[in-house]
Amino acid sequence: MTTVARPLFRDPMHDGATDPTVIWNRQAGEWWMFYTSRRADAPPMNDVSWIHGTDIGIASSADGGATWLYRGITEGLDIEPGRHTYWAPEIVDDGTEYHMFVSVIRGVPTQWAGHARVIRHYTSHDLVSWTYRSTLSLSSERVIDACVLRLPTGGYRMWYKDEADHAHTYAADSDDLARWTVRGPAVECSEHEGPNVFELGGSYWMLVDEWHGQRVLHSRDLETWEPRGLILDRPGQGPDDGGHGYHADVVTSELGAFIFYFSHPGRSDDSPGHHSGHDDRRSSIQVARLRVSGDTLVCDRDEPLEAPILPLEGPDR
């Protein structure tokens, strides 16, 4: 048995790995992690330009999630000249090809507000070469953080953050991952981002990032969501795991449920300031086991993990 690394991964180029999503690469026979590669090493300017101008980074694991190797950035996402901003990838495998839904901002803004944020759809047969398909028409032009789940009755549902409506989670449905119909607000209990939906223990769960931990929500029908407390709201004791756990992805298999999240280990608080120093900006990817306990989820981020935490032969389809 191999102990899972702590932290699980740091981006060796810019040291700003955030917003992870983990998927099985059928061609390579490995697990691949896609993530927002924030530019923690950018010049110490008194603005938020370092959050922008970001690529989607890639890391791979051939040992069931114990260790991760940096593989570069996702190529082919640009559809116009210049440097642009890519955030929070979501990737769905329909069995034939992969579909990426990624948040995009034109250029490299120096401020948070005043510019559109959209979700684009790309496809690939190998997770390497990507083809632009469309820019989704959703509930506003300030949408980010897509999460997509195959519905038990057929088709797909997407949850995403609509910043134009109090940072609530909205939902949209599709039969083919290409054409989407907005259903409207899905979770309005707080301001939040980064919805992630999965099935565990015979129920559906959603996690949303409230910036002071992950809000747990429960549903039996994917329609009505009931809040069930917080996880990752207390600092971990392991290397680089202090502070809150942010924007997470959950992978479930016969090995259990594991939550991949990121931390800001160098920050003394969670203020929304400009964070001009490298240690204040840098981020690390972490992983912890999720369990159902009573009517909610629990997560001990200090529990030692032994690999594999991801099936070596890939997920059951």
Side-chain angles (χ1 to χ4, degrees), residues 16-22 34-38 48 50-52 54 56 85-91 100-105 109 111-120 136 138-149 157-172 180 182-198 205-217 219 225 227-233 243-250 259-264 267 269-275 281 283-286 297 299:
T18 64
D19 313 332
T21 189
V22 177
F34 290 75
Y35 59 91
T36 307
S37 181
R38 288 186 183 173
V48 295
W50 70 278
I51 292 286
H52 300 99
T54 47
I56 299 302
T85 300
Y86 299 95
W87 285 350
E90 167 73 331
I91 301 179
M100 178 188 291
F101 299 91
V102 63
S103 309
V104 183
I105 297 171
Q111 299 177 339
W112 281 114
H115 43 269
R117 316 168 201 268
V118 298
I119 294 174
R120 286 191 199 153
L136 304 191
L138 297 171
S139 50
S140 80
E141 289 191 348
R142 290 175 55 198
V143 295
I144 62 173
D145 297 354
C147 165
V148 178
L149 186 73
R157 182 161 298 164
M158 174 186 292
W159 292 267
Y160 61 91
K161 175 188 180 183
D162 190 336
E163 295 185 337
D165 185 12
H166 306 287
H168 291 160
T169 290
Y170 271 57
W180 294 88
V182 176
R183 297 173 52 87
V187 177
E188 300 176 283
C189 63
S190 65
E191 292 188 353
H192 55 262
E193 63 186 12
N196 189 255
V197 179
F198 55 96
W205 304 91
M206 181 189 295
L207 298 176
V208 296
D209 186 353
E210 292 187 351
W211 310 289
H212 58 100
Q214 300 284 318
R215 176 68 57 190
V216 178
L217 299 113
S219 178
W225 294 94
R228 296 278 179 88
L230 290 168
I231 60 170
L232 301 181
D233 54 322
H244 301 129
Y246 298 97
H247 194 127
D249 183 40
V250 176
I259 180 170
F260 295 80
Y261 61 96
F262 77 91
S263 62
H264 277 302
R267 290 190 184 177
D269 58 49
D270 293 291
S271 66
H274 291 151
H275 303 296
R281 293 172 172 179
S283 50
S284 296
I285 304 295
Q286 304 279 359
L297 298 176
C299 173

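All figures in this text were calculated on a predicted structure; none of them were measured in a lab.
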Backbone N/O of Thr85 and side chain of His52: donor-acceptor pair under 3.5 Å = no
query = Taking the inter-plane angle between the rings of His168 and His166 on a 0 to 90° scale, is it parallel (under 30°), tilted (30 to 60°) or perpendicular (over 60°)?
reply = tilted
ask   = Any side-chain heavy-atom pair from Tyr35 and Phe260 closer than 4.5 angstrom?
value = no
message = Are the side chains of Ile231 and Ile259 in contact, using a 4.5 Å heavy-atom criterion?
response = yes
ask   = Crowded around Glu141 CD? As in, over 12 foreign heavy atoms under 6.0 Å?
value = no
Student check: side-chain heavy atoms of Phe262 and His247 closer than 4.5 Å = yes
request  = Using modelled atom types only, decide if a donor and an acceptor are shared between the side chain of Gln214 and the backbone of Leu207 within a distance under 3.5 Å.
outcome  = no
inquiry  = Please enumerate all residues that pass side-chain contact (heavy atoms from CB on, under 4.5 Å) together with His192, with sequence neighbours excluded.
reply    = Thr169, Val187, Ser190, Val208, Glu210
ask   = Do Ser139 and Tyr160 meet the criterion of a side-chain donor-acceptor pair at a distance under 3.5 Å?
value = yes
message = Measuring only between side-chain heavy atoms, which start at C-beta, is Phe198 closer than 4.5 Å to Leu149?
response = no
ask   = With side chains defined as the heavy atoms from C-beta onward, is the minimum distance between Leu136 and Met158 less than 4.5 Å?
value = yes
task = Without swapping roles, check the side chain of Trp87 against the backbone of Ile51 for a donor-acceptor pair under 3.5 Å.
result = yes
inquiry  = For Trp50 and Arg38: C-alpha separation, side-chain torsions, deciding distance, then whether side chain to side chain contact (heavy atoms under 4.5 Å, CB included) applies.
reply    = CA-CA 7 Å; Trp50 70 278; Arg38 288 186 183 173; 4.1 Å; yes
task = Would you check if Tyr170 and Leu138 make a side-chain contact, meaning some heavy-atom pair closer than 4.5 Å?
result = no
query = Looking only at heavy atoms, which two atoms of Arg215 and Pro227 are closest? And how far apart?
reply = CD-CB, 4.3 Å
key: Heavy-atom side-chain contact between His264 and His275 under 4.5 Å   = no
message = Test side chain to side chain contact (heavy atoms under 4.5 Å, CB included) on Asp165 and Ser140; report intermediate values, then the result.
response = CA-CA 9 Å; Asp165 185 12; Ser140 80; over 6 Å; no
ask   = Between Leu217 and Cys189, is a side chain to side chain contact (heavy atoms under 4.5 Å, CB included) present by the stated rule, with each step listed?
value = CA-CA 10 Å; Leu217 299 113; Cys189 63; 4.2 Å; yes
remark   = Between Ser37 and Thr54, the two heavy atoms sitting closest are O-CG2, 3.4 Å
message = Does any part of the side chain of His244, heavy atoms only, come nearer than 4.5 Å to the side chain of Asp209, both counted from C-beta?
response = no
task = For side chain to side chain contact (heavy atoms under 4.5 Å, CB included), just list the numbers for Trp159 and Trp225, CA-CA rounded to whole Å, side-chain angles, deciding distance to a tenth of an Å, and then say yes or no.
result = CA-CA 12 Å; Trp159 292 267; Trp225 294 94; 4.1 Å; yes
message = I'd like to know if the side chain of Asp19 reaches the main chain of Thr36, judged simply by a donor and an acceptor atom lying under 3.5 Å from each other, with no hydrogens or angles considered.
response = no
message = Is it the case that the side chain of His115 and the backbone of Trp112 share a donor-acceptor pair, with hydrogens and angles ignored and the cut-off at 3.5 Å?
response = yes
